[in-house]
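Encoded as structure tokens, here's the structure I'll be asking about.
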2 protein chains.
Amino acid sequence: MKVQIDDVDQKILSYLIKNARIPFLEIARECGISGAAIHQRVKKLEDAGIIDGSRFIVKPRALGYEVCAYVGIFLDHAHQYKQVVGRIEAIPEIIECHFTTGNFTFLVKMLCRDNQHLMDVLINTLQNVPGISKTETFISLDQIIDREIRL
Amino acid sequence: MKVQIDDVDQKILSYLIKNARIPFLEIARECGISGAAIHQRVKKLEDAGIIDGSRFIVKPRALGYEVCAYVGIFLDHAHQYKQVVGRIEAIPEIIECHFTTGNFTFLVKMLCRDNQHLMDVLINTLQNVPGISKTETFISLDQIIDREIRL
DNA sequence: GTTGAAATTCATCGTGG
DNA sequence: CCACGATGAATTTCAAC
């Protein structure tokens, strides 16, 4: 699972991380090697699992999702982990879920249309999951940074 | 800043969110309209700021980043907000930063190579920022969900 | 908003150094 | 690992409906 990444791979990734639709030939010109070589390296990186697909980034606001919140989740008992994970996965408003050290068992990131919607998910969905004892909500009033790892 | 998105736009976005490199012509065939129409609609969505670029997703682990952590940041005084933001932006390990309600002033997401690296950022970088009084760290032992909004 | 066709550019294979 | 060359496909533009 450990794959060697050289400088050229890094350079390729640094372009693709910023713009998934950049033509391979443009990267090739920047790197001074042929398009076929870029093609092969990208394929290698994909096969190795280093690249995990690509995505267009859509602003949640534009789709009517005005509220972003993090929710810390407490469990009654640790052994309810699996069932709770299953229930959480079924909640579409949750776009990230981490199993964390510290006070919470889970820390999840949610996108909701408005505060009413957020409350609905908290009260009617999350708190109804067997095993979840309580939650702690942090509403993101402003997302100041959102970027990829620096290569 | 409010733009109308119809069903076709939604369908286009639903494809591009999952795979930024899918050919527009393939989307065109699925939607039953011409490739040129897809091209123009995507351009419209980009110009309207609904689409905020595209990215290849790279697994942090593959690049040697083994540790993902969320850190809650407390400030001495609220008016130090601006300076602290500036300092936080300069920390490359921080890939997200939210201004949040609740106990913390900021909640940031960090990627570090290992626990040693994490500790270094916490002690030598974050705690050295004037205005930051203390921090609370949640290490993500497992990221269970990572997805885009459901369209 | 949409189409269809044209010109350009690209992705993706070989084969071979 | 890489370059080259060929071909089929995709992108992009534009006139026109």
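This structure is a prediction, so every number in the text was calculated from the model and none was measured. The chains referred to below are lettered A, B, ... by the order of the sequence lines, with proteins before strands, and numbering in each begins at 1.
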Can you tell me how far C1' of C:dT3 sits from CD1 of B:Ile33, to the nearest Å?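 Roughly 11 Å, once rounded to whole Å.
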For DNA chain C, what residues of residues 8-19 of chain A have any heavy atom nearer than 4.0 Å?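 Residues of residues 8-19 of chain A under 4.0 Å from DNA chain C: none.
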Any donor-acceptor pair under 3.5 Å linking the side chain of B:Arg147 with the backbone of A:Glu96? no
Do any pairs count as a ring-ring contact (aromatic ring centres under 6.0 Å, His included) and have a residue in residues 13-32 of chain B, sequence neighbours left out, and if so which ones?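 Found none.
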Every protein N/O lying under 3.5 Å from an N/O of nucleotides 9-14 of chain C:
residue : atom : partner : partner atom : Å
C:dA11  : OP1  : A:Phe24 : N            : 2.9
C:dA11  : OP1  : B:Arg21 : NH1          : 3.3
C:dA11  : OP2  : A:Phe24 : N            : 3.3
C:dA11  : OP2  : A:Leu25 : N            : 3.3
C:dT12  : OP2  : A:His39 : NE2          : 3.2

Hey, does the side chain of A:Thr100 reach the backbone of B:Ile139 with a donor-acceptor pair shorter than 3.5 angstrom?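 Not confirmed, A:Thr100 side chain does not pair with B:Ile139 backbone.
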Nucleotide interval of DNA chain D bounded by contacts with chain B (heavy-atom cut-off, under 4.0 Å): D:dA10 to D:dC14
Donor-acceptor check, side chain of A:Asp114 to backbone of A:Gln116, threshold 3.5 angstrom: yes or no? yes
Tell me, which pairs form a ring-ring contact (aromatic ring centres under 6.0 Å, His included) where one or both residues lie in residues 115-151 of chain B, sequence neighbours left out? A:Phe104-B:Phe138
Name all residues meeting the side-chain hydrogen bond (donor to acceptor under 3.5 Å, both in side chains) criterion together with A:Lys134; count only those two or more places apart in sequence or in a different chain, and write none if there are none. none
Can you pull out every ring-ring contact (aromatic ring centres under 6.0 Å, His included) where at least one residue sits in residues 30-57 of chain A? Sequence neighbours excluded, please.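 For residues 30-57 of chain A: none.
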Residue list, side-chain contact (heavy atoms from CB on, under 4.5 Å) with A:Val84, at least two apart or on another chain: A:Leu75, A:Gln80, A:Ile88, A:Phe106, A:Val129, A:Ile132
A:Gln40: which residues meet the side-chain contact (heavy atoms from CB on, under 4.5 Å) condition with it, sequence neighbours left out? none
Return all side-chain donor-acceptor pairs below 3.5 angstrom for residues 118-126 of chain A, not counting sequence neighbours, or 'none' if the list is empty.
residue  : atom : partner  : partner atom : Å
A:Asp120 : OD1  : A:Asn124 : ND2          : 2.5

Angle between the two end axes of the helix from C:dG1-D:dC17 to C:dG17-D:dC1, five base pairs per end, rounded to 10 degrees?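 That helix has its two terminal axes inclined by roughly 40°.
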Can you list everything that forms a side-chain hydrogen bond (donor to acceptor under 3.5 Å, both in side chains) with A:Asn103? Sequence neighbours excluded, please.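 Here the qualifying residues are B:Glu136.
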If you measure from the Lys or Arg side-chain nitrogens to the Asp or Glu carboxylate oxygens, is any gap between A:Arg113 and A:Glu66 under 4.0 Å? no
